[in-house]
Amino acid sequence: MTTLLHTAEELRARARAGRRAVVMTMGALHEGHATLVREARRLAGREGEVVVTVFVNPLQFGAGEDLDRYPRTLDADVKVAEQAGADVVFAPSADEVYPGGEPQVRISAGPMGERLEGASRPGHFDGMLTVVAKLLHLTAPDMALYGQKDAQQLALIRRMVRDLDFGMEIVGVPTVREEDGLALSSRNRYLSPAERRTALALSQALFAGQDRHAAQEALRARAVLAPSTHARAEALSALGESRAAADAHAVATSRPSPTTALAGGSPRAESLGGPPSRRTSSYRGRTAAVRAAAQLVLDEASRLDPPLVLDYLALVDPADFTEVPDDFTGDAVLAVAAKVGTTRLIDNLPLTFGAAS
């Protein structure tokens, strides 16, 4: 039986045995949240405790965002949490979390918090980190679990915990998707059937980039294993260059019209590596080919009815969320954000680039 608590005093009064795992949510729980709770249950073990927090944090909503219409479904949330194995649902009021009103002292997300999501939603990550810090103090967990769908959020929480010595483990859990590939989100419920069809372009673009990446990595592996002959090296090099050139040409020829660009359908210059006049040349390498493959799908979606309005497409280093160079090796994140109708959606996929052969 899951216990519903509303105050930190009630939570502190509970006897603790084993490890405490916390899953932080803003409510409107779905299968993605349930997956986090089940993983928390597995990591905490039978003797441990799983706490799910439900709090709609006003600090991370900017002007014109959906704070007022954000769904509040606490009774249903408790049921989802209970079925997934939670021991406690901690649902504090705003006065409980922020006694005396919004805090004057807040956590700053720093330069990483000003990129991508931070550039589109100024102040969002400061508000997010402030409430996460508060809830980590109030719940005092041994570990806290967050979904990888919010990759930049996860990276910032990990950095805050490390930089400020919070002393608990942060666990990332892979994104949960619906059967058609759309990443699960509480905001999906705002989409009309037609908007939802357009929204599929986010995950389709990421999968297209992932497919191109896999092809390039397979080619690299073949080159490593192949006999080291000059003719073989030249053939493999030519094949790789032709694939990148094909991507560049396709992107150049499918560039949205000026009318579409004014409507917001064209990609940002900084996400593509330069102003529009130099886009083609920006796609001539390994990481650029991955971006190009994803961009083709997004460009097509910008011409749908209703259209997808791209905010950003980026291939970034998860350590600081800066764009990766073409000779990059190691882990990266291919991330996208866009609006369909009035609903803003984000998605990402992790990729790993091997050393150039």
Same hydrophobic cluster for [X] and [Y], using side-chain heavy-atom links shorter than 4.5 Å among ILVMFWY?
{"X": "L59", "Y": "I157", "value": "yes"}
{"X": "V316", "Y": "L154", "value": "yes"}
{"X": "V50", "Y": "V80", "value": "yes"}
{"X": "Y146", "Y": "F55", "value": "yes"}
{"X": "V161", "Y": "L36", "value": "no"}

I'd like to check [X] versus [Y] (side-chain heavy atoms, cut-off strictly below 4.5 Å). Are they in contact?
{"X": "P141", "Y": "V51", "answer": "no"}
{"X": "V56", "Y": "F61", "answer": "yes"}
{"X": "L310", "Y": "Q295", "answer": "yes"}
{"X": "S302", "Y": "L308", "answer": "no"}
{"X": "F353", "Y": "T287", "answer": "yes"}
{"X": "V88", "Y": "V52", "answer": "no"}
{"X": "V309", "Y": "V340", "answer": "no"}
{"X": "E169", "Y": "R19", "answer": "yes"}

What distance separates [X] [atom1] from [Y] [atom2], expressed to the nearest 0.5 Å?
{"X": "K134", "Y": "L129", "atom1": "NZ", "atom2": "CG", "value": "14.5 Å"}
{"X": "L116", "Y": "F125", "atom1": "CG", "atom2": "CZ", "value": "8.0 Å"}
{"X": "Q83", "Y": "L29", "atom1": "CD", "atom2": "CG", "value": "11.0 Å"}
{"X": "L315", "Y": "L334", "atom1": "CG", "atom2": "CG", "value": "5.5 Å"}
{"X": "L206", "Y": "L298", "atom1": "CG", "atom2": "CG", "value": "8.0 Å"}
{"X": "L4", "Y": "L74", "atom1": "CG", "atom2": "CG", "value": "5.5 Å"}

Using atom types as modelled and distance alone, determine if a side-chain donor or acceptor of [X] lies under 3.5 Å from a backbone N or O of [Y].
{"X": "D317", "Y": "V324", "answer": "no"}
{"X": "E114", "Y": "A119", "answer": "no"}
{"X": "H213", "Y": "T352", "answer": "yes"}
{"X": "T2", "Y": "A86", "answer": "yes"}
{"X": "T130", "Y": "R106", "answer": "no"}
{"X": "N57", "Y": "V131", "answer": "no"}
{"X": "Q153", "Y": "M128", "answer": "no"}
{"X": "N348", "Y": "V333", "answer": "no"}

- Item | Electrostatic pair E217:R220 at N-O distance under 4.0 angstrom | yes
- Message: Check E323 with R291, please: is the shortest side-chain N to carboxylate O separation under 4.0 Å?
- Response: yes
Sequence-distant partners of [X], salt bridge (Lys or Arg N to Asp or Glu O under 4.0 Å), two or more places apart:
{"X": "E49", "answer": "R14, R20"}
{"X": "E39", "answer": "R42"}
{"X": "D87", "answer": "R41"}
{"X": "D142", "answer": "R16"}

- Query: Among all residues two or more places apart in sequence or in another chain, which pass the side chain to side chain contact (heavy atoms under 4.5 Å, CB included) test with L164?
  - Reply: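 Testing L164 for side chain to side chain contact (heavy atoms under 4.5 Å, CB included), a comparison that skips the adjacent residues, returns I107, M160, F166.
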- Given the rule in the side chain to side chain contact (heavy atoms under 4.5 Å, CB included) test, do L351 and V290 qualify, once you have shown the distances and angles that lead to the verdict? CA-CA 10 Å; L351 302 173; V290 171; 3.9 Å; yes
[X] to [Y] - nearest heavy-atom pair and separation:
{"X": "A155", "Y": "F321", "value": "CB-CE1, 3.7 Å"}
{"X": "V132", "Y": "M24", "value": "O-CE, 3.8 Å"}
{"X": "A289", "Y": "Q216", "value": "CB-OE1, 3.2 Å"}
{"X": "F328", "Y": "R286", "value": "O-NH2, 2.8 Å"}
{"X": "A28", "Y": "S186", "value": "O-OG, 3.3 Å"}
{"X": "L184", "Y": "K149", "value": "O-CE, 3.3 Å"}

Any side-chain donor paired with an acceptor under 3.5 Å for [X] and [Y]?
{"X": "S120", "Y": "D311", "result": "yes"}
{"X": "S203", "Y": "D347", "result": "no"}
{"X": "T322", "Y": "D320", "result": "yes"}

- Task: Carefully, step by step, assess M112 and L156 under the rule side chain to side chain contact (heavy atoms under 4.5 Å, CB included).
- Result: CA-CA 7 Å; M112 196 196 315; L156 282 163; 3.8 Å; yes
- Take R344 and E117, measure what salt bridge (Lys or Arg N to Asp or Glu O under 4.0 Å) needs, and give me the verdict at the end. CA-CA 11 Å; R344 188 175 185 277; E117 285 298 291; 2.7 Å; yes
- Message: Would you say that more than 12 heavy atoms from the other residues, nucleotides or ligands in this model lie under 6.0 Å from the CG of D163, or not?
- Response: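 Yes.
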- Message: Test side chain to side chain contact (heavy atoms under 4.5 Å, CB included) on V171 and L43; report intermediate values, then the result.
- Response: CA-CA 10 Å; V171 179; L43 294 175; 4.2 Å; yes
- Please, which pairs that meet salt bridge (charged side-chain N to carboxylate O under 4.0 Å, His left out) have at least one residue in residues 192-210, sequence neighbours excluded? E178-R196, D180-R196
- Message: For M143 and M168: C-alpha separation, side-chain torsions, deciding distance, then whether side chain to side chain contact (heavy atoms under 4.5 Å, CB included) applies.
- Response: CA-CA 5 Å; M143 69 186 91; M168 72 272 300; 5.9 Å; no
- Task: Decide if the gap between the ring center of H6 and the ring center of F90 is smaller than 6.0 angstrom.
- Result: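 No, ring centres 6.0 Å or more apart.
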